[in-house]
Protein chains: 2
Amino acid sequence: MVDKTPSADIPALPTPLEQSKAQFIRRWGEMGGYWGINRTMAEIHALLFVSTEPICTDDVMAKLMISRGNASMNLRSLVDWGLIERIHLRGDRKEYFVCRTDVWEMFETIVRQRRRREVEPIVETIEHCKAMVNDIKPKAADADAEDVQVYKQRLDEMHKFLDAFGTIVDLMVKLGPGSLQRLSGMMTKLVK
Amino acid sequence: MVDKTPSADIPALPTPLEQSKAQFIRRWGEMGGYWGINRTMAEIHALLFVSTEPICTDDVMAKLMISRGNASMNLRSLVDWGLIERIHLRGDRKEYFVCRTDVWEMFETIVRQRRRREVEPIVETIEHCKAMVNDIKPKAADADAEDVQVYKQRLDEMHKFLDAFGTIVDLMVKLGPGSLQRLSGMMTKLVK
DNA sequence: TATTCCTTTCAGAGATTATTGAAAGAAACA
DNA sequence: TGTTTCTTTCAATAATCTCTGAAAGGAATA
């Protein structure tokens with residue numbers, strides 16, 4: 001453990017580099033809120049994303065001014081999501097963390113998780129709901145008849161849409177980093 | 001205003017159709033939570049999505065067992081999002097609501113809003129952050145030099161990625177309902 | 001204009017989620 | 001083994017978000 005502080009407890013004005021990073025971190029955190037990810041977790045992720053060197057829990061605590069517990073929990077979540085990694089530095093007992101900086105990998109990871117958590121459950125439910133109304137179709141020829149038809153149709157459309165959407169995202173992920181550009185080229189032609 | 005209740009205050013067992021709808025509504029609501037949309041708002045949306053007929057505030061209150069205020073606020077949000085519409089029925093003073101049932105339109109609407117709220121702000125911030133470190137580049141040739149380089153590069157990659165992603169989503173929306181299927185076909189060939 | 005019917009608003013209550021800090025746990029070291 | 005150093009956990013607290021219900025606001029009707 002080396003004390004990197006230049007001259008002990010002088011606060012030191014933030015450099016433009018630090019200011020810029022701080023701004024990015026703040027905004028990334030805010031956006032996290034929109035995504036059902038908590039702000040702190042997103043901020044930690046951003047902090048690691050803009051850090052050249054590995055960072056330990058105490059660094060995170062100091063830079064974001066949060067408690068040890070909070071830092072620990074959110075770092076763990078980020079590891080669970082697969083967005084950051086634990087590493088160990090020779091001669092240092094502490095754990096350090098680094099961010100997967102390849103934005104494509106990041107995207108892939110996030111898309112996979114969100115799909116599993118947010119798309120698959122609703123698809124399963126739709127299938128189940130369809131089955132429920134299919135089973136009892138022959139019996140009820142009453143006033144509901146049209147209602148049932150419309151309902152089934154809507155579920156069907158939603159189902160197809162979600163399937164197609166999932167497929168395309170899968171393929172994008174499989175195709176890798178270049179696919180967005182390639183696709184965008186293809187689609188531009190298609191549009192004409 | 002016609003009283004549709006079959007025989008007044010007999011609760012009536014839920015039909016399979018009603019059960020199925022209820023299940024869909026519930027799940028759609030849960031998923032809303034993941035998307036930074038509140039559960040109730042998502043449930044109202046689902047309720048309208050599976051309803052053949054227009055629905056008024058009292059219907060929403062009754063079916064979801066929520067207060068008038070809650071129903072009113074969330075209905076308004078859904079209108080603001082462009083996911084549902086207010087309509088008026090002849091001879092009835094109440095306002096009714098219907099859902100845009102075309103899943104493609106729904107997707108388009110959601111994507112537009114989310115892009116504006118979640119992608120554009122971060123892109124602006126990245127541009128701003130890049131400018132901040134560009135302006136001061138010539139001066140600082142000290143130890144930060146490499147750090148600045150890496151930082152700029154990462155911001156750049158993120159920027160490019162977000163741009164490309166936005167482009168492709170735009171194109172998908174422009175191409176309309178068939179594009180997912182078409183694209184998925186094209187991409188499947190590409191993969192081989 | 002007064003009345004009725006319906007909608008919106010918003011302060012307070014309630015529910016949920018995030019954060020802290022201290023205690024327990026785990027791993028390296030001597 | 002005991003000690004040190006670091007990490008995790010979790011009950012209590014704080015912050016945030018959501019919901020209610022009653023009051024105020026509007027618009028159609030008489």
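Numbered from 1 within each chain, the chains take letters A, B, ... in sequence-line order.
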Open item on the list: Tell me if the centroids of the rings in Phe24(A) and Tyr151(B) come within less than 6.0 Å of each other.
Closed with: no
Task: Side-chain donor-acceptor pair present, Gln19(A), Gln23(A), cut-off under 3.5 Å - done: no
TODO: Using whole Å, report how far CD1 of Ile66(B) lies from C1' of dG21(D).
DONE: 13 Å
Open item on the list: Tell me whether Asn70(A) contacts the main-chain N or O of Ser67(A) through its side chain, where contact means a donor paired with an acceptor under 3.5 Å.
Closed with: no
Open item on the list: What is the distance, to the nearest angstrom, from the CG atom on Asp92(A) to the P atom on dA27(C)?
Closed with: 17 Å
Open item on the list: Expressed as a whole number of angstroms, how long is the span from Met61(B):CE to dT7(C):C1'?
Closed with: 11 Å
Task: Options dT19(C), dT20(D), dT7(C), nucleotide nearest the side-chain atoms of Ser67(B) - done: dT20(D)
Task: Euclidean distance, atom OH of residue Tyr96(B) to atom C1' of dC6(C) [Å, nearest integer] - done: 11 Å
Open item on the list: Checking the side chain of Ser20(A) only, and the main-chain atoms of Cys129(B) only, is there a donor and an acceptor separated by less than 3.5 Å?
Closed with: yes
Open item on the list: Keeping Glu124(A) on the side-chain end and Pro121(A) on the backbone end, is there a donor-acceptor pair under 3.5 Å?
Closed with: no
Open item on the list: Quiz question: by atom type and distance under 3.5 Å, do the side chains of Trp35(B) and Glu118(A) form a donor-acceptor pair?
Closed with: yes
Hey, what are the protein-to-nucleotides 23-30 of chain D N/O distances that come in under 3.5 Å?
unit_1  : atom_1 : unit_2   : atom_2 : d
dA28(D) : N3     : Arg93(B) : NH2    : 3.2

Open item on the list: Tell me whether Ser72(A) contacts the main-chain N or O of Arg68(A) through its side chain, where contact means a donor paired with an acceptor under 3.5 Å.
Closed with: no
TODO: Scan residues 70-83 of chain B against DNA chain C and write down, sorted by residue number, each residue with any heavy atom closer than 4.0 Å; if none is found, say none.
DONE: Ser72(B), Met73(B), Arg76(B)
- [ ] Whole angstrom is fine here: how far is it from CG in Asn38(A) over to P in dT20(C)?
- [x] 11 Å
Open item on the list: Tell me the interatomic distance from His88(A), atom NE2, to dT7(D), atom C1', rounded to whole angstroms.
Closed with: 11 Å
Task: Side chains of Gln149(A) and Gln153(A), donor plus acceptor under 3.5 Å - done: no
Task: Any side-chain heavy-atom pair of Met106(A) and Asp102(A) under 4.5 Å - done: no
Task: Atom pair distance, as rounded to whole Å: NZ in Lys94(B) and P in dC5(C) - done: 11 Å
- [ ] Would you mind reading off the distance between Arg39(B) atom CZ and dA15(C) atom P, rounded to a whole angstrom?
- [x] 12 Å
TODO: Answer yes or no: does a side-chain N or O of Thr40(A) lie under 4.0 Å from OP1 or OP2 of dT19(C)?
DONE: yes
